[in-house]
Structure formats: C-alpha cells, structure tokens
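Take a look at the structure set out below.
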Amino acid sequence: MTPTLRIQSAPFDPAQEAARIENGRRDIGAIVSFTGLCRDEDATLAALELEHYPGMAEAEIARVAAEALSRWPLQALTIIHRHGRILPGEKIVLVIAAARHRGEAFAAAEFLMDYLKTRAPFWKKEHRADGSVGDWVAPKAKDDAAAQRWRE
Amino acid sequence: MTPTLRIQSAPFDPAQEAARIENGRRDIGAIVSFTGLCRDEDATLAALELEHYPGMAEAEIARVAAEALSRWPLQALTIIHRHGRILPGEKIVLVIAAARHRGEAFAAAEFLMDYLKTRAPFWKKEHRADGSVGDWVAPKAKDDAAAQRWRE
Amino acid sequence: MKALYFAWVRERIGRAEEELSPPPEVGTVGELIAWLKTRDEGYALAFENAAVIRAAIDKAHARHDTAIAGAREIAFFPPMTGG
Amino acid sequence: MKALYFAWVRERIGRAEEELSPPPEVGTVGELIAWLKTRDEGYALAFENAAVIRAAIDKAHARHDTAIAGAREIAFFPPMTGG
C-alpha cells in the first residue's frame with residue numbers, strides 16, 4: 001500500500017481525499033480523519049505563515065508514515081500538510097487512516113499527528129490583524145509528551 | 001452547544017456533515033471524524049440488516065453524547081447511525097468531534113465509538129451473497145474492554 | 001407492562017412485542033426473565049443463557065437486579081453490535 | 001558544507017543559507033553551533049540557548065553529538081510547530 005503524502009501551499013479538500021481512499025472498496029471497516037485548522041478565537045490573527053524545510057518536510061513525513069505502516073495494518077493512508085499563508089478557519093493539515101478495525105485507524109491517526117507536530121519541519125509565524133508581524137508560535141511541552149508516549 | 005444526533009435508514013455524507021460544523025467558524029482547531037463501514041473482504045456478504053430499538057436508540061445516543069460533552073470541551077459534535085439494509089462499502093456510523101485541541105477531539109471521538117458499540121441498541125444480521133440468511137454478528141469481547149477503559 | 005424483543009431474542013420467541021402481566025412475586029428484571037423462560041420452548045431458547053441477555057426499562061439500560069415496579073415498557077435483547 | 005537556517009534562527013542570523021568551512025577541530029553538530037555562535041551578534045542571538053536548537057544533516061534529524069563529517073547540508077531551526 002502506497003500512502004498519499006503531499007506538501008502544498010494550495011488548500012485541500014478532505015472529502016475528495018476520503019473519496020479517493022474509499023473508491024468502491026468493500027474491505028475497509030474504519031476511516032479516521034483528522035483536520036487541523038488555523039484558529040483565531042480573539043479576532044487578533046490575520047494569517048499564519050507556515051515556513052517549511054523543502055525536501056526534509058517530504059522526507060520526514062515519509063519516515064513518519066512508514067513508521068505508522070509498520071505499527072498498524074493500515075489499508076490506506078493520506079497525509080497532507082500546507083505551507084505558506086493560511087487564513088483563520090482554513091485547514092492546515094489532514095491525516096486519514098483506513099483500517100479493518102477502528103482501534104488501528106484511531107491509533108495510527110493520533111500517532112501521526114503527534115509525530116508530525118514534533119518532527120515535521122514546519123514553523124508557524126503569526127501575522128496580526130492590526131498589520132504587525134507577531135511572534136513565532138511557541139512549541140508546546142504537551143506536544144512532546146504526546147509524542148513521547150508512543151515510545152513506551 | 002447542541003450536538004447533531006440522527007438515526008436514519010438513508011445514507012449520509014460525512015463531507016456535508018463536516019461542512020455544517022465548519023461553516024465559516026474561526027475558533028475550531030481540530031476536527032476528528034470517524035466513519036464505520038460495512039466490510040466484506042471475502043465477497044460472501046450481500047448486505048447487513050441493522051435492527052434497532054426506536055426511541056431507545058435516540059435516547060441512548062443522546063446520553064452518550066451528553067457524557068462526552070461533560071468530559072471534553074467540544075465545540076461541535078455530530079453522531080449519525082444508520083439502520084436497515086446496508087450494502088458492503090456503505091457507511092454505517094459517523095462521529096465528528098470538533099475542539100480547540102486535537103487531544104480532546106481524538107479522545108471524544110474514540111470514547112463515543114467505544115460507547116456506541118456497547119450501549120446503543122443496534123444489532124447486525126448478515127445476509128449472505130448466496131441468498132441465505134446468515135448469523136447475527138457476535139459481540140466482540142474487545143469492544144467491552146475498549147468501553148471499560150473509559151471508566152478507569 | 002409492554003414487552004419488546006429484539007434481534008435473536010425476538011426471532012426465538014417468535015414475536016416483537018406483547019403485553020405481560022407477571023404475578024406479583026416477580027420483582028426484578030432477572031425474575032421476569034426466569035418467569036418468561038417457563039412459558040414455552042421459544043422463550044426457553046431465547047433466555048437459555050440468561051446472563052448474556054440485556055434489558056432496558058422505559059428505554060434505558062437496566063441490570064438484572066433492577067426492580068420492574070412502575071415499568072411501562074421492558075425490552076430484552078442480545079449484546080449490542082452496532083457502530 | 002551548505003548551512004540552512006529556518007524560522008527565528010534564520011531571522012536572527014539574517015540569512016537563509018550559506019557555505020560553511022569550519023576548522024577541522026569542529027567535529028559535531030554541537031561544536032558547529034559553538035563555532036557559529038562566535039561569528040557575530042546575530043549568530044550569538046540565534047544560538048544563545050543552544051539546547052533548544054534542532055539540527056538536521058542531509059534532511060534528517062541529528063542530535064548535537066552527531067558527527068558532521070561527510071555532511072553535505074546541515075540545517076538549524078527552532079522546535080517545530082507544524083501540524
């Protein structure tokens with residue numbers, strides 16, 4: 001099974017990606033889809049600028065995908081990560097895992113997100129609604145803890 | 001927040017349900033979607049017949065949804081469960097959980113599926129490809145174990 | 001009291017619902033199952049392994065030691081297999 | 001060896017990439033950071049808290065004690081915040 005792995009600046013459509021996975025198959029029992037969105041609760045954010053390391057981002061996502069495929073018997077896997085300017089409400093990352101049983105699909109999707117968060121070379125910078133350039137988003141300690149638990 | 005809870009014989013469209021949740025919002029950080037499908041790897045299944053207990057199915061799904069909402073700060077929640085005749089490859093159940101952070105959305109979606117499996121009054125009967133009526137699907141011990149872990 | 005049967009409990013008993021008037025000494029879900037079991041072969045087969053049978057009173061899960069007093073509707077069914 | 005800088009490491013140093021020719025006694029990622037740090041104020045600021053700096057050699061994560069011998073491309077960046 002060859003996973004679908006893409007890094008792109010253009011928006012993506014989770015429904016279209018899920019349809020590519022289903023595509024008339026009768027052997028899939030469970031599909032877990034994760035969508036990460038650009039959040040702006042305080043109306044202070046104009047956009048996020050996602051910088052990435054071209055080449056390494058692709059290589060690292062391929063490594064993380066291979067690790068997931070070695071751990072769980074997945075029937076299909078899609079990972080899409082955007083870079084560039086992303087507006088509040090827009091989607092940043094998509095992971096879809098399909099498996100016979102739900103436990104495998106849930107575990108793989110959550111593992112992939114934990115690993116992407118801490119290993120994929122992307123960095124978020126805030127552009128504020130008042131026109132100023134804000135800070136680089138700080139990493140969260142709980143993201144490291146989330147990734148760590150898969151090593152136990 | 002009022003969850004969307006539906007029990008229906010008609011097919012559903014996860015993309016349409018996700019769009020209803022997103023709907024121009026800027027405060028959602030994570031959407032986890034689970035789709036359970038009718039699986040037939042051996043080409044021996046003509047259809048599943050899903051019997052349900054009308055009235056109790058709605059009540060039980062509402063109770064399970066309320067329990068999830070009391071445990072995690074969800075921004076949106078959709079649960080759809082089909083009954084009646086379902087063909088291989090068709091979707092049976094959909095859970096979508098939206099939250100600020102991915103951990104909450106993942107946990108709520110997995111909790112809901114574990115609880116729906118063991119508490120929602122639905123029963124699957126197999127109709128075989130050779131025209132015979134097969135068995136009632138047997139419950140899985142691991143489904144009980146999966147539900148049990150949320151009580152610890 | 002109205003009784004409902006689902007899935008293979010329904011098939012074995014041969015009906016989906018009926019009115020029940022158990023004698024006053026039948027106080028719990030478990031006692032109602034034991035009483036039903038003596039009615040005929042269908043009930044006996046449906047409830048032969050009483051421990052696996054699930055019940056609901058007025059559309060909420062009930063244990064076998066739950067009292068049936070005041071119940072308007074009681075349902076019996078196998079472990080659920082939805083989702 | 002080509003060096004790449006990302007996010008605030010890039011901003012503090014003031015460039016995205018450059019060619020580096022460290023002296024032979026610079027053997028590891030950590031030693032390369034220490035050597036770069038002495039170059040000017042921008043590098044000093046970028047690497048002031050060396051412990052948080054992540055590195056990659058030829059597009060794969062590398063630890064600070066990893067040898068740089070044979071590396072064609074080495075990158076320095078803050079902890080990742082994608083996803």
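Throughout, a chain's letter reflects where its sequence line sits, starting with A, and its residues are numbered from 1.
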Task: Partner chain A: residue of D:Pro79, D:Pro78, D:Ala75 with the largest heavy-atom pair count (under 4.5 Å) - done: D:Pro78
Task: Electrostatic pair A:Glu41:A:Arg39 at N-O distance under 4.0 angstrom - done: yes
Task: Within residues 90-120 of chain A, residues adjacent to chain D where the heavy-atom gap is under 4.5 Å - done: A:Ile92, A:Val93, A:Met113, A:Lys117, A:Thr118, A:Arg119, A:Ala120
Open item on the list: At a 4.5 Å cut-off on heavy atoms, which part of A:His83 comes close to chain D: side chain, backbone, both, or neither?
Closed with: neither
TODO: Evaluate the ring planes of D:Phe76 and D:Phe47, with Trp represented by its six-membered ring, and classify them as parallel (under 30°), tilted (30 to 60°) or perpendicular (over 60°).
DONE: perpendicular
- [ ] Report yes or no: is the cationic atom of D:Arg39 (NZ for Lys, CZ for Arg) under 6.0 Å from the centre of the six-membered ring of D:Trp35, at an angle within 45° of the ring normal?
- [x] yes
Task: Interface moiety of A:Ala138 toward chain D, non-hydrogen atoms closer than 4.5 Å - done: backbone
- [ ] Using side chain to side chain donor-acceptor pair (under 3.5 Å) as the criterion, point out the one residue from D:Glu11, D:Glu18, D:Arg12 that pairs with D:Tyr5.
- [x] D:Glu18
TODO: Heavy-atom pairs under 4.5 Å with chain A are the metric here; pick the option from D:Thr81, D:Val52, D:Leu4 that has the most.
DONE: D:Thr81
Open item on the list: Applying ring-ring contact (aromatic ring centres under 6.0 Å, His included), can you list everything that pairs with A:His81, at least two apart in sequence or on another chain?
Closed with: A:Phe122
- [ ] Inspect the contact between A:Asp130 and A:Arg128 and indicate whether a charged nitrogen and a carboxylate oxygen are less than 4.0 angstrom apart.
- [x] no
Task: Electrostatic pair D:Glu17-D:Arg15, nearest N-O below 4.0 angstrom - done: no
Open item on the list: If the threshold is 4.0 Å, N to carboxylate O, is there a salt bridge linking A:Arg63 and A:Glu67?
Closed with: no
Open item on the list: I'd like to know which of A:Lys140, A:Lys125, A:Glu58 tops the heavy-atom pair count under 4.5 Å against chain D.
Closed with: A:Lys125
